[in-house]
There are 2 protein chains.
Amino acid sequence: MQRSKLETFLGTLEKATSLDALQQLTFALKDLYHVDHVVYHWVSADGEQYGAGTYDRLWVQRYIEKDYVRVDPVVVGCYQRFHPVDWKRLDWTTKTAKVFREDAIAHGVGNQGLSVPIRGPSGQFALFTISHSCKDDEWTSFIEDNRRDIILIAHYFNQKGLELEKSRVPAPNQSLSPREVDAMTFLAMGYSRAQVADTLAISEHTLRVYIESARHKLGALNTTHAVARAMNRGLIVV
Amino acid sequence: MQRSKLETFLGTLEKATSLDALQQLTFALKDLYHVDHVVYHWVSADGEQYGAGTYDRLWVQRYIEKDYVRVDPVVVGCYQRFHPVDWKRLDWTTKTAKVFREDAIAHGVGNQGLSVPIRGPSGQFALFTISHSCKDDEWTSFIEDNRRDIILIAHYFNQKGLELEKSRVPAPNQSLSPREVDAMTFLAMGYSRAQVADTLAISEHTLRVYIESARHKLGALNTTHAVARAMNRGLIVV
DNA sequence: TTGTGCCTCGCTATTTTGGGGGAGTTTGAT
DNA sequence: ATCAAACTCCCCCAAAATAGCGAGGCACAA
């Protein structure tokens with residue numbers, strides 16, 4: 001029964017082809033699991049933020065205006081954790097957090113919540129949240145029953161989100177030669193040019209050629225930039 | 001039926017308290033799903049690697065000795081993706097990949113596999129892999145049936161792994177101050193010190209203080225290293 | 001055969017970083 | 001109220017990285 005509810009939803013999700021569709025699906029999910037809110041919110045590699053969810057428009061706008069993303073204990077907490085986080089376990093004691101919480105509840109965000117942090121390559125970060133307004137024990141038993149469903153949904157939601165995002169930004173995936181990869185890798189490990197040249201047993205002059213050609217391929221302004229881009233594109237592993 | 005198999009396993013996993021126990025559980029899993037191998041392998045924030053799995057000891061040793069982690073298309077591919085990857089979809093055409101594959105199969109690694117990449121805060125990266133030796137269509141139907149189970153198991157396995165790792169290395173999760181984050185971010189974007197100082201509207205001398213303190217906090221040898229670490233640990237998003 | 005890309009080595013001059021000092025204000029938390 | 005941490009500014013000088021020129025050999029593909 002639970003299983004088929006999940007299956008049905010994942011089947012629908014599979015067919016989504018736009019961000020609007022994702023938005024619709026958060027509403028479907030909210031009804032399916034009888035909770036107040038379902039929100040999916042992510043930060044792409046270039047730092048842009050996207051969101052899909054059932055929160056009130058006014059709240060979303062207020063959240064952005066007040067730059068609550070830097071205050072919200074849910075976001076701050078999830079950035080530092082791996083596993084899904086029950087809002088109860090977060091630190092709501094600071095002054096800013098208290099103010100935020102009051103404001104959030106006033107705008108219809110539930111007092112209970114579970115947020116699943118998800119990370120992708122190149123620093124993508126996503127948060128899938130279910131929130132509700134109810135007593136503690138009621139919420140605990142809901143979570144116990146649905147935790148696994150929620151994890152899976154978060155996972156597939158994010159997969160779909162990344163897929164849709166990727167289609168709008170086609171990546172020009174220029175690759176590096178083996179020596180260039182070596183060079184970038186050691187530089188990312190903090191070696192100086194002299195040390196890298198020594199490690200690779202080549203002259204420093206040769207090394208410089210690699211660094212410069214890597215810089216050109218990556219369209220980077222300097223070594224640090226090149227290393228950052230190589231890491232972002234998954235070309236080197238440090 | 002499927003569901004209860006999964007439930008039972010997750011219950012057992014929950015009780016694991018050591019890396020040895022995780023190792024045992026990979027064998028249990030392999031029998032439970034009737035596959036050749038189950039491997040969990042992760043890289044902690046400081047770059048150390050751990051593993052638990054059913055692979056032959058000789059193969060693991062060889063893998064480390066030959067630094068196959070930089071060649072293995074599974075690892076390279078998963079670093080760049082978010083979703084679980086069927087080995088068939090990876091790029092096995094390069095010369096080094098072909099050599100690696102032959103060596104792997106000779107050591108009993110299956111010809112089929114599914115790997116789930118998982119990322120944690122502070123740059124942890126884990127890979128949960130199921131491999132098997134069989135025909136393509138047989139594998140495809142196995143994956144279709146068990147994909148969701150595998151994702152959940154990967155998730156819980158990783159949660160347990162991080163938990164066990166944390167107990168051995170109390171994370172010095174040094175965070176950066178807002179200005180330090182700003183500095184690192186612009187440096188990662190290729191700006192020179194002068195440009196960053198200009199952008200942040202502070203003197204270059206002040207900027208240097210931030211860069212140096214960020215370097216110290218991150219235990220980095222130079223600016224490039226500091227930026228690489230900040231990116232790896234998810235402290236900056238570029 | 002004639003590219004094209006990769007690997008290797010060289011020079012000089014200029015710009016950018018790094019390491020060592022010190023000193024004051026503002027802000028937030030206990 | 002007090003204390004720590006963050007933010008801001010200044011000096012000097014050595015070390016390292018960058019930019020602009022070169023060159024030749026090797027392998028693989030059109």
Side-chain angles (χ1 to χ4, degrees), chain A residues 67 70-71 73 76 91-100 173-230 235, chain B residues 93-96 98 172-230 235-236:
Chain A
D67 208 18
R70 302 201 179 275
V71 173
V76 174
D91 178 20
W92 297 92
T93 59
T94 67
K95 204 168 64 185
T96 45
K98 278 176 189 162
V99 172
F100 168 76
N173 213 346
Q174 187 88 9
S175 71
L176 299 178
S177 80
R179 282 313 227 185
E180 287 160 358
V181 171
D182 291 342
M184 289 295 112
T185 303
F186 286 116
L187 289 172
M189 286 164 59
Y191 288 27
S192 71
R193 291 206 309 209
Q195 287 174 309
V196 176
D198 202 49
T199 307
L200 297 178
I202 56 177
S203 79
E204 195 179 326
H205 307 281
T206 304
L207 178 73
R208 281 175 42 196
V209 177
Y210 298 144
I211 299 176
E212 301 222 343
S213 89
R215 264 222 317 275
H216 274 117
K217 285 184 181 176
L218 296 165
L221 298 167
N222 55 39
T223 302
T224 301
H225 195 197
V227 167
R229 290 206 155 174
L235 301 174
Chain B
T93 59
T94 69
K95 207 167 60 184
T96 46
K98 277 176 189 161
N173 207 348
Q174 193 82 3
S175 68
L176 300 178
S177 78
R179 282 313 227 185
E180 286 160 0
V181 170
D182 291 343
M184 290 294 112
T185 304
F186 286 117
L187 289 173
M189 288 165 59
Y191 288 27
S192 71
R193 288 203 311 209
Q195 287 175 308
V196 176
D198 201 49
T199 308
L200 297 178
I202 55 178
S203 78
E204 193 179 328
H205 309 280
T206 304
L207 178 74
R208 280 178 47 194
V209 177
Y210 298 143
I211 299 176
E212 301 217 345
S213 90
R215 266 220 317 275
H216 276 117
K217 286 183 182 176
L218 296 165
L221 298 167
N222 54 41
T223 302
T224 301
H225 195 197
V227 168
R229 289 207 155 175
L235 301 174
I236 61 172

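Each chain gets a letter, A, B and so on, in the order its sequence line appears, and its residues count up from 1.
- Annotation: salt bridge (charged side-chain N to carboxylate O under 4.0 Å, His left out) contacts of Arg215(B) (sequence neighbours excluded): none.
- Pairs of residues two or more places apart, or lying in two chains, that qualify as salt bridge (Lys or Arg N to Asp or Glu O under 4.0 Å) and include a residue from residues 196-210 of chain A are Arg193(A)-Glu204(A).
- From one end of the helix from dT1(C)-dA30(D) to dT30(C)-dA1(D) to the other, with five pairs defining each end axis, the axis direction shifts by 70° (rounded to 10°).
- The shortest distance between the side-chain N/O atoms of Ser177(A) and the OP1/OP2 oxygens of dC7(C) is below 4.0 Å.
- Less than 4.0 Å separates DNA chain C from at least one heavy atom of each of the following residues of residues 202-215 of chain A: Ile202(A), Ser203(A), His205(A), Thr206(A), Arg208(A), Val209(A), Tyr210(A).
- For Ser177(A), the side chain to side chain donor-acceptor pair (under 3.5 Å) partners two or more places apart in sequence, or in a different chain, are Glu180(A).
- For Thr224(A), the side chain to side chain donor-acceptor pair (under 3.5 Å) partners two or more places apart in sequence, or in a different chain, are Thr224(B).
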task: Assign a letter to each nucleotide of nucleotides 25-30 of chain D from its 5' end: B, base within under 4.0 Å of a protein heavy atom; S, sugar-phosphate only; -, no contact.
output: ------
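- Under the side-chain contact (heavy atoms from CB on, under 4.5 Å) criterion, Val196(B) pairs with Phe186(B), Leu187(B), Tyr191(B), Leu200(B), Leu207(B), sequence neighbours left out.
- In this structure, the side chain to side chain donor-acceptor pair (under 3.5 Å) partners of Ser203(A), at least two apart in sequence or on a different chain, are Thr206(A).
- Among residues at least two apart or in separate chains, there is no ring-ring contact (aromatic ring centres under 6.0 Å, His included) pair with a member in residues 193-215 of chain A.
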Short heteroatom pairs, N/O only, protein and nucleotides 25-28 of chain C, under 3.5 Å:
none

